[in-house]
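Each chain gets a letter, A, B and so on, in the order its sequence line appears, and its residues count up from 1. Predicted, not measured: the structure shown is a model, and the values here were computed from it.
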Amino acid sequence: MSLTIISDPEIQYQAVPLCESKYSSVNRPIIFGIERGSDFSFSGIVANSSTTATVTATGFGAQWYDTVTAGTDFEIEITGSDIPDGTYTVTSDILIGSNSFVIDITDMGLFPGSYTAGDLKIVRLNYRVKTKITVDGTAVGTAVNKLDSSYQTTADISAFLKSSLSYDDDFDYTVNNIKDQKVSNSYIVEFSENWSGYEGTFDQEGTGTFYFTNSVRQLGAEYNGNMADFVVFSETTGIKAKFLSDFEKPSWFEGYPFSLDFVFGDEFNTGTYNIKRHDESFDINGTSIAEVSNSLDKTQDDYINRMTIYESYDSTAQYIEVWLERLALG
Amino acid sequence: MALADEVTEKKYVKIGNSCVTDPFYLQWLNEFGGRSFWLFGVLNTEQAKTSEIGYYEKYVDDLSTAQGNDGIISKSKELTTTVGASIPADQMDGLTGLFCSPKVKLLVEPNWIAEGVKWNDVRIKTGSLIISQTNKEFYDVSFEVIMPKQYVISE
């Protein structure tokens, strides 16, 4: 396949140590940029006359003899050579052992002689890229995109991801934390080349697993639609993830279910660290009363987590501070 | 513990007043993908609004025996409850999220610790929000909540 993924939703949140956020808000475009590259690089081109030229492309026949109609004219697009960029008709048979072929250069104004090598693409009728989206092992849809004149396109897959969201609250509020795959989930994307009479096979093209959350970012958001500032990493230095609360100071009402949610990032190194929740209670004067900590279940990583708080605070407590810490194993 | 081990912000959580007459506890999906909560009190009990669905006229072939010459297929019934609370000024930021969220739930099992937590989807009636600032530190907030649709018999 000649596709290259030129952009994806992941952003680099911290350079050293490297921390990358693959978490996107599903209510914003989630875009993959795709480029069709060269089908083949040829090593030389020799104009035989003013009407024909021989293109040397070692191995071309072995790769293309059964995917182009041998003996029938087909077109290729040449770029990067010092013959004019453009579309040329192939006039020779492509046999399995062909290492060269002939093109029609009539009216191109070329003199007999050698010209530099370049790239070629076979002109495909109705060429399109398909992007298949799979959420947590279930295919949810396929985007179909045509390329622009620079052989690039973008696929916005956010609408496909939304179909896998729901808002049922199944949390029983009895455990410290649990992942919520109703408001967050993982997905992979696979790409294929297709044209009239041909449906390609899907390939991830080197992309990995990405994640989405049922959230929205506003105008001016530093990371566009990425949720980087909410993702809990284990290796960020000086940067602290935010909790998923729209209150600067939320309230917990004793006797009522409450959760403080966070994005348990996939890059949190659970092989090196445990993760703990700390609750520190304060009285009306701001004096610390007590601090407790509880280990969280780190097998719930990769997704938005619902997290309860300690709740058994002293009766004089007026407010608490809650935060998460990593704790080195051993 | 070393500061370097903190991986999140320190979130300030107030301990709210749970002593509310006729409690009405709401949860909503906030813009960041998390859940937010607030305890309101019921100000007005449920008000029912009904409307007809599908009025039609019947063909009458015997006026002396016919029991009627029109009917309706069904009726719809909408219940709303007015709730409110005094909100500290420094928490109004989060409460606006309630009115922007399309996903709001009401706690319907008061004995949830023993019986398990149960929620019903509700809707905040558009245009019903009233905010008044009684003093510098608090806002009185009230609004109508549309309860889950009531099922009725139909033809």
Q.
If the contact rule is any heavy atom under 4.5 Å from chain A, which residues of residues 100-113 of chain B qualify, in numerical order?
A. Lys103(B), Val104(B), Lys105(B), Leu107(B), Trp112(B)
Q. Side chains of Gln91(B) and Ser251(A): donor-acceptor distance under 3.5 Å anywhere?
A. yes
**Q.** Near-ring test Phe37(B)/Trp252(A), centroid separation under 6.0 angstrom
**A.** no
Q.
Among Glu321(A), Arg306(A), Glu280(A), which residue has the highest count of heavy-atom pairs closer than 4.5 Å to chain B?
A. Arg306(A)
Q: With rounding to the nearest 0.5 Å, note down the distance linking CZ in Arg35(B) to CD1 in Ile304(A).
A: 8.5 Å
Q | Heavy-atom contacts under 4.5 Å, residues 15-28 of chain B to chain A | A | Ile15(B), Gly16(B), Asn17(B), Ser18(B), Pro23(B), Tyr25(B), Gln27(B), Trp28(B)
Q: Would you name the heavy atoms of Glu9(B) and Trp323(A) that are closest together and state the gap between them?
A: O-CB, 3.3 Å
Q. For the candidates Ser25(A), Gly255(A), Ser215(A), which exhibits the highest count of non-hydrogen atom pairs separated by less than 4.5 Å from chain B?
A. Ser215(A)
Q: Using a cut-off of under 4.5 Å on heavy-atom pairs, state which of Asp180(A), Ile275(A), Val322(A) scores highest against chain B.
A: Val322(A)
Q: Could you walk me through whether Val13(B) and Phe258(A) pass side-chain contact (heavy atoms from CB on, under 4.5 Å), step by step?
A: CA-CA 11 Å; Val13(B) 179; Phe258(A) 177 84; 4.3 Å; yes
Q) Does a side-chain heavy-atom distance below 4.5 Å link Thr8(B) with Phe262(A)? A) no
Q) Which bit of Leu324(A) is near chain B, if near means a heavy-atom gap under 4.5 Å: side chain, backbone, both or neither? A) both
Q) Do the side chains of Pro257(A) and Trp119(B) get nearer than 4.5 Å, heavy atoms only? A) yes
